[in-house]
Amino acid sequence: MPEKQKINILWFTKDLRTRDSESLYKAMQEDLPVLAVYVFDAEFFAQKQFGFRKIGKYRAKFLVESVENLKQNLAKQKIPFLFRYSKTEDVFKEISDEFEIVKIFCQEEWTKEEVDLQAKIEKAIPTAIWEKSYSQFLVHPLFVFKTLDKIPMIFTSFRQKIEKNLLIRPEFESENLVYNKLEIHFKSDTISLKSLGFEDFETDERTAFPFSGGENKALKRLHHYFSETQNLSQYKQTRNVLVGTDYSSKFSAWLSDGSLSTVTIYHEIKKYEEEFGANDSTYWLIFELLWRDFFRYVSLQYKDLIFWKSGINHQKYFAENNKTLIQKWKNGETDSDFVNANMLELKNTGWMSNRGRQNVASYFCKILKQDWRIGAAYFEEMLIDYDVHSNYGNWMYLAGVGNDNRDRTFNPEKQAEMYDSNKEFRKLWLKQ
């Protein structure tokens with residue numbers, strides 16, 4: 001039997017970009033040919049929790065667009081790219097039937113489903129060497145754990161210690177590398193919303209997030225928000241506005257599937273500050289990126305506790321299971337018009353502002369007294385920018401079982417008065 005050709009795999013998961021891609025950079029330094037792979041995992045698309053899908057139509061559409069754009073960008077670098085709708089381990093098995101897979105380059109993950117998936121691949125291809133990168137952080141774990149023995153419970157102490165001698169790695173120069181090795185031929189699937197089990201839909205014209213997926217769109221948005229409009233200089237003042245596309249950066253959806261890196265954003269902020277000046281707002285975007293990192297470090301430290309009803313705090317959490325109340329919350333039919341407007345925005349667009357999320361989650365946990373994990377699961381299905389660490393971190397926090405021991409409840413009427421005093425947002429979503 002002839003010897004199989006040796007290759008390396010560049011396995012894309014939540015890092016759908018060519019700029020500042022550590023895995024891409026490392027794979028291209030090797031002597032062996034590389035095959036890029038992305039799998040729309042059939043089991044993931046079929047899964048349910050608390051009756052909700054793991055991914056809904058809004059994020060699915062954004063994901064298809066992101067992978068399509070990644071395909072175009074990899075083609076420019078002449079990198080062969082295989083994408084399939086299948087079980088991940090089956091795709092790896094199929095490749096290993098034809099080639100000897102020496103190394104697998106990918107992003108490091110530590111939450112349950114991602115770890116389980118890697119274990120399935122390891123079982124299918126036990127001899128492969130794994131090269132994993134912590135590429136989803138702004139501040140690298142090596143720096144963080146040199147500075148801190150353990151992650152503090154409160155964000156402020158995390159931020160103050162980390163900011164003291166903040167060191168951010170340079171971007172990986174990965175987007176200009178051109179592949180010049182063996183042609184590897186595999187037939188990719190044609191992926192559409194239909195093939196993933198969804199009907200096509202039109203974007204609601206009221207949405208505050210009318211953007212498409214993909215690295216090119218992410219970098220275009222970055223350019224627009226920074227140098228084109230200089231909106232970054234007002235970010236701190238405008239970030240809680242509820243209507244319109246430009247009140248906040250809107251980077252979160254591209255960050256969540258990795259078509260944009262936090263490190264890229266950081267270095268672009270620094271360039272912006274040199275050109276247009278630094279102020280509270282330019283700092284505030286870095287502050288928000290540190291919040292994002294914080295929730296990642298919390299999940300890295302506490303692992304699966306972030307999915308437990310009692311949270312990382314082991315707090316007793318009493319919840320009713322009132323299906324009628326949950327349904328009314330989902331449909332925007334509660335006693336609060338501010339909560340309703342936000343929930344209708346989510347239902348119709350897959351988007352909700354940070355201000356809205358805090359209010360509807362607090363309402364679900366504290367006023368309706370429902371199991372916070374059900375709310376978190378609904379967000380997981382619906383949000384375009386769903387991110388496991390931020391979603392579960394924030395829901396725990398608002399349920400009182402996470403990183404804040406103060407028992408806080410948002411007053412939606414007060415919040416509406418502060419952030420929607422002219423009722424523009426409520427009129428937009430509550431008009432019949």
Side-chain angles (χ1 to χ4, degrees), residues 48-62 198-199 201-210 239-245 247-248 250 252-253 319-386 390-392 394-395 397-399 408-432:
K48 292 242 168 115
Q49 56 181 352
F50 296 108
F52 302 121
R53 297 179 79 140
K54 300 288 288 176
I55 182 170
K57 62 180 183 180
Y58 299 116
R59 190 160 81 260
K61 180 174 188 276
F62 196 82
F198 299 96
E199 290 301 314
F201 63 92
E202 291 295 317
T203 304
D204 191 305
E205 64 203 13
R206 296 171 290 177
T207 185
F209 191 86
R239 69 199 167 91
N240 282 314
V241 176
L242 301 170
V243 179
T245 56
Y247 60 79
S248 63
K250 301 291 195 297
S252 57
E320 301 165 14
N321 187 4
N322 186 322
K323 289 193 166 58
T324 308
L325 284 182
I326 293 167
Q327 197 58 42
K328 284 188 159 176
W329 176 78
K330 275 172 55 189
N331 290 338
E333 295 164 355
T334 72
D335 293 339
S336 162
D337 62 354
F338 190 56
V339 167
N340 294 345
N342 278 290
M343 292 306 291
L344 287 167
E345 179 181 33
L346 177 64
K347 187 179 180 178
N348 288 291
T349 67
W351 177 265
M352 195 195 293
S353 67
N354 180 51
R355 179 60 44 195
R357 294 174 204 206
Q358 292 183 331
N359 273 279
V360 304
S362 169
Y363 192 86
F364 187 83
C365 301
K366 302 291 176 57
I367 313 286
L368 300 181
K369 297 191 168 27
Q370 300 306 306
D371 186 336
W372 69 268
R373 297 168 305 165
I374 295 173
Y378 182 63
F379 269 30
E380 181 167 347
E381 176 178 8
M382 297 302 290
L383 284 170
I384 296 175
D385 65 355
Y386 167 76
S390 297
N391 189 55
Y392 281 86
N394 273 307
W395 271 95
Y397 183 81
L398 288 155
R408 58 172 69 219
T409 304
F410 280 82
N411 177 333
E413 274 55 60
K414 231 186 195 156
Q415 292 273 310
E417 195 41 57
M418 280 169 73
Y419 299 106
D420 189 34
S421 54
N422 60 2
K423 297 197 172 173
E424 185 191 2
F425 177 69
R426 279 168 290 175
K427 281 178 191 153
L428 183 68
W429 291 104
L430 299 175
K431 62 177 184 217
Q432 290 311 308

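Positions are given from 1, in the same order as the sequence printed here.
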Is atom CG of Asn331 surrounded by more than 12 heavy atoms (other residues, nucleotides or ligands) closer than 6.0 Å? yes
Within a 6.0 Å radius of atom NZ on Lys328, are there more than 12 heavy atoms belonging to other residues, nucleotides or ligands? no
Test item: [X] side-chain N/O and [Y] main-chain N/O as donor-acceptor pair under 3.5 Å:
{"X": "Arg426", "Y": "Asp420", "answer": "yes"}
{"X": "Asn359", "Y": "Gln415", "answer": "no"}
{"X": "Lys347", "Y": "Met382", "answer": "no"}

To the closest 0.5 Å, what do you measure between [atom1] ([X]) and [atom2] ([Y])?
{"X": "Trp395", "Y": "Ser362", "atom1": "CH2", "atom2": "OG", "result": "9.5 Å"}
{"X": "Leu428", "Y": "Leu344", "atom1": "CG", "atom2": "CG", "result": "10.5 Å"}
{"X": "Gln49", "Y": "Ile374", "atom1": "CD", "atom2": "CD1", "result": "10.5 Å"}

Before accepting this row, confirm whether a basic side-chain N of the pair Asp385/Arg357 lies closer than 4.0 Å to the acidic partner's carboxylate O. yes
Full working for side-chain contact (heavy atoms from CB on, under 4.5 Å) between Trp351 and Lys250: CA-CA 10 Å; Trp351 177 265; Lys250 301 291 195 297; 3.4 Å; yes
Do [X] and [Y] make a side-chain contact, defined as non-hydrogen atoms from C-beta onward lying under 4.5 Å apart?
{"X": "Met343", "Y": "Met352", "value": "yes"}
{"X": "Gln370", "Y": "Glu320", "value": "yes"}
{"X": "Ser353", "Y": "Tyr247", "value": "yes"}
{"X": "Lys48", "Y": "Lys54", "value": "no"}
{"X": "Leu325", "Y": "Phe364", "value": "no"}
{"X": "Arg206", "Y": "Thr349", "value": "no"}
{"X": "Glu205", "Y": "Thr203", "value": "no"}
{"X": "Leu430", "Y": "Asn340", "value": "yes"}

Looking only at side-chain N and O atoms, does Gln358 offer a donor or acceptor that is under 3.5 Å from a partner on Tyr397? no
How close do [X] and [Y] get, heavy atom to heavy atom, and via which atoms?
{"X": "Trp329", "Y": "Gly375", "answer": "CH2-CA, 4.0 Å"}
{"X": "Ile384", "Y": "Ala253", "answer": "CG2-CB, 3.7 Å"}
{"X": "Tyr392", "Y": "Glu380", "answer": "OH-OE1, 3.2 Å"}
{"X": "Ala319", "Y": "Asp371", "answer": "CB-N, 3.4 Å"}
{"X": "Pro412", "Y": "Phe338", "answer": "O-CD2, 3.7 Å"}
{"X": "Tyr58", "Y": "Leu346", "answer": "CE1-O, 4.0 Å"}

Going by side-chain contact (heavy atoms from CB on, under 4.5 Å), Val360 matches just one of Tyr378, Phe410, Phe379. Which one? Phe379
Candidate list Phe425, Tyr363, Trp429, test side-chain contact (heavy atoms from CB on, under 4.5 Å), partner Asn342, passing option: Phe425
Report the relative orientation of the aromatic rings in Phe209 and Phe62; use parallel for angles under 30°, tilted for 30 to 60°, perpendicular for over 60°. tilted
Show your reasoning for whether side-chain contact (heavy atoms from CB on, under 4.5 Å) applies to Glu413 and Asn411. CA-CA 6 Å; Glu413 274 55 60; Asn411 177 333; 3.5 Å; yes
Would you verify whether the NZ or CZ of Arg59 falls within 45 degrees of the ring axis of Tyr386 while also being under 6.0 Å from that six-membered ring's centre? no
Could you check Thr207 against Asn348 for side-chain contact (heavy atoms from CB on, under 4.5 Å), going step by step and ending with a plain yes or no? CA-CA 8 Å; Thr207 185; Asn348 288 291; over 6 Å; no
